[in-house]
S.K.: 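Pasting in a structure now, in structure tokens, and then I'll have a few things to ask.
Atoms within each ligand, like the ligands themselves, are counted from 1 in listed order. Remember, it's a predicted structure, so these values are computed and weren't measured experimentally.
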Amino acid sequence: METEKMRDIKSYTLEELKEEMEAMGEKAFRAKQLYEWMHKKQAAGYEEMTNIPKTLIDRCREKYDYTLLKPIRVQQSRVDGTRKYLFELADGNMVESVWMQYKHGNSVCISSQVGCRMGCKFCASTIDGLERNLLPSEMLDQIYAIIRHTGERVANVVVMGSGEPMDNYDNLLKFIALLTDENGLHISQRNVTVSTCGIVPKMRALAEKGLQITLAISLHAATDEKRRQLMPIADRYSLDEVMKACAYYFEKTGRRITYEYSLVKGVNDTDEDADRLIGRLGRQNCHVNLIPVNPVKERSYVQSDRRAVEAFKNKLEKNGINVTIRREMGRDIDGACGQLRRRYMERQPAL
Ligand code: SAH
């Protein structure tokens, strides 16, 4: 059972916070003040909330947890200015987040879980399995901490860091509601992307919500056989099922799907692989994001060479598919998912 002290004030919607205040015999407008301190001004704690009476602050301190991330490391790329943050959560776990600058605005890439249980063969986040889900507040906190650190606005949020967001579905939905709320950071739904390895029932459930967020699917192969070699989730859901769920998402939301395809030398980057992918995608309105695989120390996968990447891209384009090659941001700073956390933990003595 939830103990009183475990209530997480930063994960409440404004409506829920109003109910909390009313239940405490406080005025409803206090909820809005608290909410704005947390979500609009990214307050680091109650002590910053200067227009709230001390008695109420004391009651809140007693009743609610106030999550806050502690920055442990910040690495800035000399190549492109990308910054990678390693944060410590209240329980000592670590998560990483990335800040990227693009022409169309700044993007933050956040983690949705500590570790991951999806087991993708090329990914560093999953090596030690899942530690725990992140709370909605802990997903928001990654963005808030980065805003405080950079002093800059954030235009886009991508849930593409460590973890599988669809494996933390309820908290993900709450996070999106808070992130896009006009009383908070008010990021447009269209500027939010959620990336999944393809948990079909959750993709369908998300489609039903009719949100305007972008759904990105980690495809990485165009046949079930090859996909199974890279991603254990492919044993659960076939590519046919994944593609049908994508079509359903498009039908319900009108948002075109992004397909992520990490190119691994000699595994999924041949001419034949490109043909198969073209066959799979058919004539749907979509976007393909090619990611030259980021080599992970613990894994033996090798990045496709430049020519293979270009040839793959050209072939897709000739067939009328929108395709971009992911800019390799921050390669000099442990850019691949989960690598900074792993390296940091390796250096720490075991408890
Ligand atoms: N669990 C979600 C989101 C996290 S990873 C998902 O699977 O989509 C974000 C993207 O980076 C995914 O497409 C993932 O497959 C890919 N990725 C993970 N490790 C990688 C690596 N070492 N090189 C290239 N892409 C990688």
S.K.: For Val323, does its backbone N or O pair with a side-chain atom of Asn289 as donor and acceptor, under 3.5 Å?
M.R.: no
S.K.: Check whether Ser11 reaches the backbone of Ser137 with its side chain - one donor and one acceptor, N or O, closer than 3.5 Å.
M.R.: yes
S.K.: Does ligand 1 have an atom under 4.0 Å from some heavy atom of Gly161?
M.R.: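 Contact present.
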S.K.: Any atoms of ligand 1 less than 4.0 Å from a non-hydrogen atom of Thr196? List them with their elements.
M.R.: 6 (C), 7 (O), 8 (O)
S.K.: Does the ring of Phe122 carry Arg299 above it, NZ/CZ under 6.0 angstrom from centre and within 45° of its axis?
M.R.: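 Checked: cation-pi criterion not met.
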S.K.: Heavy-atom distances under 4.0 Å decide this one: backbone, side chain, both or neither, for Glu164 against ligand 1?
M.R.: both
S.K.: Determine whether the side chain, the backbone, both or neither of His220 has a heavy atom under 4.0 Å from any heavy atom of ligand 1.
M.R.: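 His220 to ligand 1: side-chain contact only, backbone stays beyond 4.0 Å.
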S.K.: Could you tell me which atoms of ligand 1, counted from 1 in the order shown, lie closer than 4.0 angstrom to a heavy atom of Cys197?
M.R.: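 Atoms satisfying the 4.0 Å criterion: 6 (C), 7 (O), 8 (O).
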S.K.: Can you check which of Met118, Lys121, Arg326, Glu260 brings a heavy atom nearest to atom 10 (C) of ligand 1?
M.R.: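 Among Met118, Lys121, Arg326, Glu260, the closest heavy atom to atom 10 (C) of ligand 1 belongs to Glu260.
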S.K.: Minimum distance, heavy atoms only, to atom 12 (C) of ligand 1: which one of Ser218, Pro165, Gly163 is it?
M.R.: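 The option holding the nearest heavy atom is Ser218.
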S.K.: So, for Ala274 and Phe312, which heavy atoms are closest and what is the spacing to 0.1 Å?
M.R.: N-CE1, 3.6 Å
S.K.: Between atom CD of Glu164 and atom OH of Tyr169, what is the distance when rounded to the nearest 0.5 Å?
M.R.: 12.5 Å
S.K.: Look only at the side chain of Asn319 and the backbone of Ile321, and say whether a donor-acceptor pair between them is shorter than 3.5 Å.
M.R.: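 No: the side chain of Asn319 does not pair with the backbone of Ile321.
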S.K.: Using a 4.0 Å heavy-atom cut-off, which part of Ser262 comes near ligand 1: side chain, backbone, both, or neither?
M.R.: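 For Ser262, only side-chain atoms sit under 4.0 Å from ligand 1.
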S.K.: Are any of the N/O atoms on Val293, whether in the backbone or the side chain, positioned under 3.5 angstrom from an N/O atom of ligand 1?
M.R.: no
S.K.: Examine the proximity of ligand 1 to Val296 and report which part, side chain or backbone, both or neither, has a heavy atom under 4.0 Å away.
M.R.: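 It is the side chain that touches ligand 1; the backbone stays farther off.
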S.K.: Give the contacting part of Ile217 toward ligand 1: side chain, backbone, both or neither, where contact means a heavy-atom distance below 4.0 Å.
M.R.: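 For Ile217, there is no contact with ligand 1 at all, from either part.
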S.K.: Would you compute the distance between atom CG of Leu14 and atom CD of Glu182 and round it to the nearest 0.5 angstrom?
M.R.: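 CD of Glu182 is found 9.5 Å from CG of Leu14.
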S.K.: Select the closest option to atom 2 (C) of ligand 1 among Pro295, Ser195, Cys120, judged by heavy-atom distance.
M.R.: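 Looking at heavy atoms only, Ser195 sits closest to atom 2 (C) of ligand 1.
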S.K.: Check each atom of ligand 1 against the heavy atoms of Cys123 and keep those under 4.0 Å away; list them by number with element.
M.R.: 18 (C), 19 (N)
S.K.: What orientation do Tyr85 and Phe87 show, parallel under 30°, tilted 30 to 60°, or perpendicular over 60°?
M.R.: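 Tyr85 vs Phe87 ring planes: parallel.
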S.K.: SG of Cys246 to CD of Glu251: how many Å apart, nearest 0.5 Å?
M.R.: 12.5 Å
